[in-house]
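Inspection log for the structure reproduced underneath, given as structure tokens.
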Amino acid sequence: MPLGGHLRELRNRLIICLIGLLLGGVVGWILYDPVLDILQMPIRQVAEQEGRDATLNFAGVASPFDLKLKVSLFLGILVTAPLWLYQLWAFIMPGLTKRERLYTLSFLATALPLFFAGAALAFFALPNAVRTLMVFTPLGASNFVPAQDYFSFVMLIIVVFGIAFVLPVLMVGLNLIGILSATGIRKSWRWIVVLVFTFAAIATPSPDALSMFFLVIPMMLMFVLAWVVCVFNDRRRKKRMIAEGTWVEPVELDDED
């Protein structure tokens, strides 16, 4: 296809993505009030349980409208993720081999549900995180939380939890294309544990261990599952290469080396 054809296809797919995002934003606009009510629950719980003033604060006249616009757009991006990811995949698909198409499509089909699962789990960690952080408020003081800051905090937590759930899928993808082996993963398990705990400690802004373990436990389970998939894939690749006569036994180095 000539360059002009590629540019026209890119334009058409961008238009589809923009229309999808617009419709998703409309859906987000409609869902804004119930979503706002759900996300405010942790602050309300703190106010009821701690017996203190805790509420969202809108600093300016246009602040409520600006917040509704941002939250609606964020919800629209989440809702239409399958659409714009498919458009991206469909645009690059002609330049991929048959196996690469299968790999990328499998990655998208697996990563999307995991991302949404991580985003859903963030709702369970959010109340505990908010409660723990607001405990540091001095006695007699009130919490008038800027709405913009609060929802930026909430959206960051949702995105981080979603990305964390996608990382094991990326590990399997690297194994499928031959960059990462199951043996290498097994030998690096200590580093994986350290990185997961470090990531969880940074990703969950509350200092309590419970919120961190909300992220650590499912991540570790998914990394173990991803390693099992890599083991079976390495065995399948080894059998195929032995049958083709191209298998070379890897050299195992001692830990002392």
Side-chain angles (χ1 to χ4, degrees), residues 1 6 9-10 13 78 80-122 159-203 212-257:
M1 183 184 295
H6 283 294
E9 182 184 4
L10 177 61
R13 296 197 179 279
L78 289 181
T80 59
L83 172 65
W84 52 263
L85 284 174
Y86 170 76
Q87 293 299 323
L88 174 63
W89 179 81
F91 178 71
I92 65 174
M93 181 184 64
L96 302 176
T97 64
K98 183 178 180 180
R99 177 170 294 184
E100 289 172 341
R101 293 176 188 176
L102 178 63
Y103 287 164
T104 54
L105 188 59
S106 300
F107 176 81
L108 291 176
T110 308
L112 273 175
L114 286 176
F115 179 86
F116 288 126
L121 184 64
V159 170
V160 167
F161 269 64
I163 292 176
F165 272 50
V166 176
L167 292 179
V169 183
L170 180 61
M171 186 172 75
V172 174
L174 293 175
N175 175 261
L176 289 173
I177 61 178
I179 296 178
L180 189 63
S181 67
T183 302
I185 296 171
R186 178 176 55 80
K187 290 183 177 180
S188 304
W189 71 268
R190 295 178 182 85
W191 284 106
I192 292 176
V193 171
V194 171
L195 290 175
V196 167
F197 271 84
T198 303
F199 179 83
I202 297 173
M212 185 177 71
F213 275 97
F214 265 119
L215 188 57
V216 168
I217 293 175
M219 279 191 68
M220 291 305 304
L221 290 175
M222 287 191 297
F223 269 108
V224 171
L225 179 60
W227 173 74
V228 172
V229 173
C230 293
V231 168
F232 282 103
N233 183 63
D234 284 352
R235 290 178 180 176
R236 181 184 58 81
R237 183 187 292 120
K238 180 179 179 180
K239 290 180 180 179
R240 187 184 72 248
M241 295 179 69
I242 290 176
E244 295 173 352
T246 58
W247 172 254
V248 178
E249 194 69 31
V251 178
E252 295 287 343
L253 297 178
D254 297 333
D255 293 338
E256 295 179 357
D257 295 337

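Values reported hereafter were calculated over all heavy atoms of this structure, with side chains retained and with hydrogens, waters and symmetry mates removed. All values reported here derive from a predicted model rather than from experimental measurement.
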Taken to the nearest 0.5 Å, the spacing of Arg13 CZ from Leu83 CG works out to 10.5 Å

For Ala111 and Val166, the nearest pair of non-hydrogen atoms, with its separation, is O-CG2, 3.7 Å

Hey, could you give me the CH2/CE distance between Trp189 and Met220, rounded to the nearest 0.5 Å? 8.5 Å

Other residues, nucleotides and ligands only: do more than 12 of their heavy atoms fall within 6.0 Å of CZ on Phe116? yes

Side chains of Phe115 and Leu78: does their closest heavy-atom pair fall under 4.5 Å? yes

Does Trp191 offer a backbone N or O that forms a donor-acceptor pair with the side chain of Ser188 under 3.5 Å? no

Could you report the tightest heavy-atom contact between Pro168 and Ala226, atom names first, then the distance? O-CB, 3.6 Å

Nearest atoms (heavy-atom pairs only) where Pro113 meets Ala109: CD-O, 3.0 Å

Are Leu112 and Pro82 packed together at the side-chain level, in the sense that at least one heavy-atom pair is separated by less than 4.5 angstrom? yes

For a quick test of reading the model, state the closest non-hydrogen atom pair linking Ile185 to Cys230 and the distance between them. CD1-SG, 3.8 Å

Measure the spacing between OG1 of Thr183 and CH2 of Trp227 and express it to the nearest 0.5 Å. 9.0 Å

